[in-house]
Q: 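Dropping the structure in here first, questions after.
As the structure lists them, so they are numbered: ligands from 1, and atoms in each ligand from 1. Residue numbers count from 1 along this sequence.
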Amino acid sequence: MKQYELSFDANGANQTQANPDDSSARKTARERHAGLAELINHHNRLYYEKATPEITDREYDTLYRELQDIETRFPELASDSSPTRRVGGKAAAGFKPYRHTKPMLSLDNTYNRDELREFDGRVRKILGTTQFSYVVEPKVDGVAVALHYRNGVLISGGTRGDGATGDDVTANLRTIKSIPQKLKGQALPEILDVRGEIYMTREGFVRINRERQELGLEPFANARNAAAGSLKLLDSSIVAARPLDGVFYGVGEAQGVELTTHAGLLKTFKHLGLKTPARVWQCKDIDAVLNAIDELHELRHGFPFDMDGAVIKVDERMLYDELGYTRKSPRWAIAYKYEPERAETVITAITVQVGRTGVLTPVAEMEPVLLAGSRVSRATLHNAGEIARKDIRVGDHVLIEKAGDVIPAVVEVVKQRRRGKEQIFEMPAHCPVCGGPVTQREGEVAHRCENLQCPAQLKRWLRHFASRQAMDIEGLGDALVEALVDKQLVTDPAGIYTLRKEQLVELERMGGKSAENLLNAIDASRQRELRNVIMALGISQIGVASARVLEEAFASIHELMQAGREDLEKLRDIGPVVAESIVTFFADKTRRGIVERLEQAGVRMQRTYTRAKNLPLDGKTYVLTGTLESMTRDDASEKLRALGATVSGSVSKKTTAVIAGENAGSKLQKAEKHNVPILDEAQLQKLLTSPAADS
Ligand code: IVH
């Protein structure tokens, strides 16, 4: 087995410092580059795929930087398959538009077998023959993407968007291991636009949601949303840690490759190293198609991903032009969707869990039933409002459904089965863990335990505080957190920094050496970046991505603490709810005290870099009004912000322009009054696609 060494031959590294024109230096650099690339790929696999890293982030960064240095000096070594292009290659703010050379269409769909026969009837009528066949494939529930390969090398990739233009998410796609950077084989097509679906496995989805719940973030509703949310992240190093996978089933532009049938296309894809649908049926007629979709239905829980139906395609690709297209979809294919599965059971109790941010979550405990392939006995009821709206009572017979086949949700109460003894649920007035008061803040659906020292809350907070993306304190695991809180050695996160060795060695299974290691890790965490500290504070709704945005906008924790709702809402990805959550967090005296004590303990509270921005719409302010046709106002705002603009709710002299859709209201008059230019939707589109031109 290959041995991976951290330190390569020191001479080799030194020689790469030599004059780049010297050909022997070039040769050494090439060798060192290849070695480093292999080593980094190895550690990437350990880190991202197996979650068992063997080296520290620091050591990894050193290797990575050396590779970058070599590529700066010898740019010809920076190929598209270099690890510098693959993982952690951070996307710039916002996404560039990705233009599809051929329109990227969707499918017509049906839940109905008769409509499938009608589809077949139409195909036969247009073709005037029965001399053709069908292919049936699983319909994976994910996000459609296009990949552009030139001579076998992945050049770029994007989302479908409106079919003509999507988002360029190349950097994110490169982090997905089933997307080859290079296609396999000898005769590689000059151009191949591959189309397929990015999805998250069920297992990955459950993991990611568990992590989000811990962070106080809204869980993703289903694996599809999780995949879509992940692809749209601006930081590809975070995407790399998301369990995404891909499957490819279609083509846009193709040059230098013969694709006469769909089954042949899939075979070619496979040879090229592209993952194709897990099962494919070739069917000579519509009866065979109907059998295939039944078989597929039986198999559906066996797939590790969510599958929401079957896709039926005419196999002979040369018939496609003759069959033609509607505006949105081809006439040679159709999707058949399976009904979501439901089951009936009884709610035996409603329990309440206390989360890290003190949120009380009611959970339905149910008589176990089999649903969509697994045994289900619990379902989150989200909050008291949801329970009241659905009038869910203990003892009720309920219908449950799996949202996107994963998380069971209570859909409705079977009212006919009520016997009158069912009990109405009431949120407890006291925290089930610490007995502290439970309150409901204005405008919030959640009930919270307000006691910051609540052991349930504190334990979760500490685990979060020490977690990798926050303060990264190795050794401060679950068992230790339990002990520290139970023995009252730590009553808030700042208390971690006052722990002494004598206190630690008293604890079970804590020797002198581990105590020292822990104290060293605690000490090292003082140097974490501001974004990690912001993350560690456990402000509800703040995850890695928003912590970064805040770090970009504020140079220190003090600046952030002084920010008002309006300042915050101007930031990318920060809406009113998140802004409110930040303001409320820092309005609390106890929390401010904790921040102060963290600072006194020597934890870094400043940003370590200066703001490098220079986005095309920096310094511009836009106001949106009326209804847009091609996108929602929120989408438009997000896109403008991603380009550096501020989007405001009211028109003033400072407004750069007002963007007016249909039925625009009083803001137009205000714009005229202040002599503010008015842009229509077409001008908005232009602004978004070429912002530098004239804004
Ligand atoms: S063919 C023009 N094949 O389902 C052909 N789509 O509801 C378009 N999908 O837009 C796509 N699995 O995003 C095709 N085996 C498969 C698919 C598939 C999933 C997605 C795709 C499509 C959507 C339609």
Side-chain angles (χ1 to χ4, degrees), residues 98 100-112 115-116 119 123 134-147 157-164 166-167 169 173 178 193-201 222-225 227-228 231 244-254 259 261-270 274-283 289 292-293 295-297 299-300 303-317 319-340 404-405:
Y98 184 93
H100 301 289
T101 32
K102 286 196 176 175
M104 193 166 164
L105 300 174
S106 183
L107 291 176
D108 256 356
N109 60 49
T110 172
Y111 286 88
N112 185 316
E115 285 182 13
L116 273 188
F119 161 77
V123 172
Y134 290 111
V135 171
V136 174
E137 297 163 350
K139 175 161 150 48
V140 184
D141 201 7
V143 186
V145 296
L147 307 173
T159 57
R160 172 163 49 215
D162 61 3
D167 286 322
V169 288
L173 291 169
S178 52
D193 273 325
V194 174
R195 281 150 186 205
E197 204 83 358
I198 301 301
Y199 62 90
M200 196 176 273
T201 58
N222 53 50
R224 203 211 79 86
N225 286 5
L231 262 195
L244 296 174
D245 209 333
V247 61
F248 302 95
Y249 48 65
V251 73
E253 196 184 344
L259 302 166
T261 61
H262 183 68
L265 171 148
L266 295 179
K267 213 182 231 170
T268 305
F269 275 15
K270 222 174 184 166
L274 289 161
K275 206 163 142 182
T276 52
R279 281 287 307 264
V280 178
W281 285 258
Q282 285 227 251
C283 306
V289 166
I293 62 177
E295 263 184 54
L296 179 59
H297 194 224
L299 294 173
R300 67 193 293 224
F303 295 113
F305 48 81
D306 283 349
M307 199 197 62
D308 59 344
V311 178
I312 297 99
K313 297 173 182 168
V314 170
D315 191 27
E316 291 77 9
R317 290 178 47 83
L319 301 176
Y320 288 6
D321 281 345
E322 196 176 340
L323 285 161
Y325 300 81
T326 65
R327 198 168 54 86
K328 200 187 120 245
S329 41
R331 288 206 182 84
W332 42 262
I334 191 165
Y336 175 84
K337 299 241 243 175
Y338 302 120
E339 297 285 354
D405 258 11

Q: With hydrogens left out, which residues have an atom under 4.0 Å from ligand 1, given that only heavy atoms count?
A: Leu105, Ser106, Leu107, Glu137, Pro138, Lys139, Val140, Ala144, Arg160, Glu197, Tyr249, Val311, Lys313, Pro330

Q: Just jot down the salt bridge (charged side-chain N to carboxylate O under 4.0 Å, His left out) partners of Asp315, sequence neighbours excluded, or say none.
A: none

Q: Ala254: which residues meet the side chain to side chain contact (heavy atoms under 4.5 Å, CB included) condition with it, sequence neighbours left out?
A: Leu192, Val251, Val257, Leu259

Q: What residues, two or more places apart in sequence or in another chain, satisfy salt bridge (charged side-chain N to carboxylate O under 4.0 Å, His left out) together with Lys102?
A: none

Q: Can you tell whether the side chains of Asp245 and Lys275 come within less than 4.0 Å, N to carboxylate O?
A: yes

Q: Taking the six-membered ring where the residue is Trp, are the ring centres of Phe305 and Tyr199 under 6.0 Å apart?
A: yes

Q: Are there more than 12 heavy atoms of other residues, nucleotides or ligands under 6.0 Å from atom NZ of Lys337?
A: yes

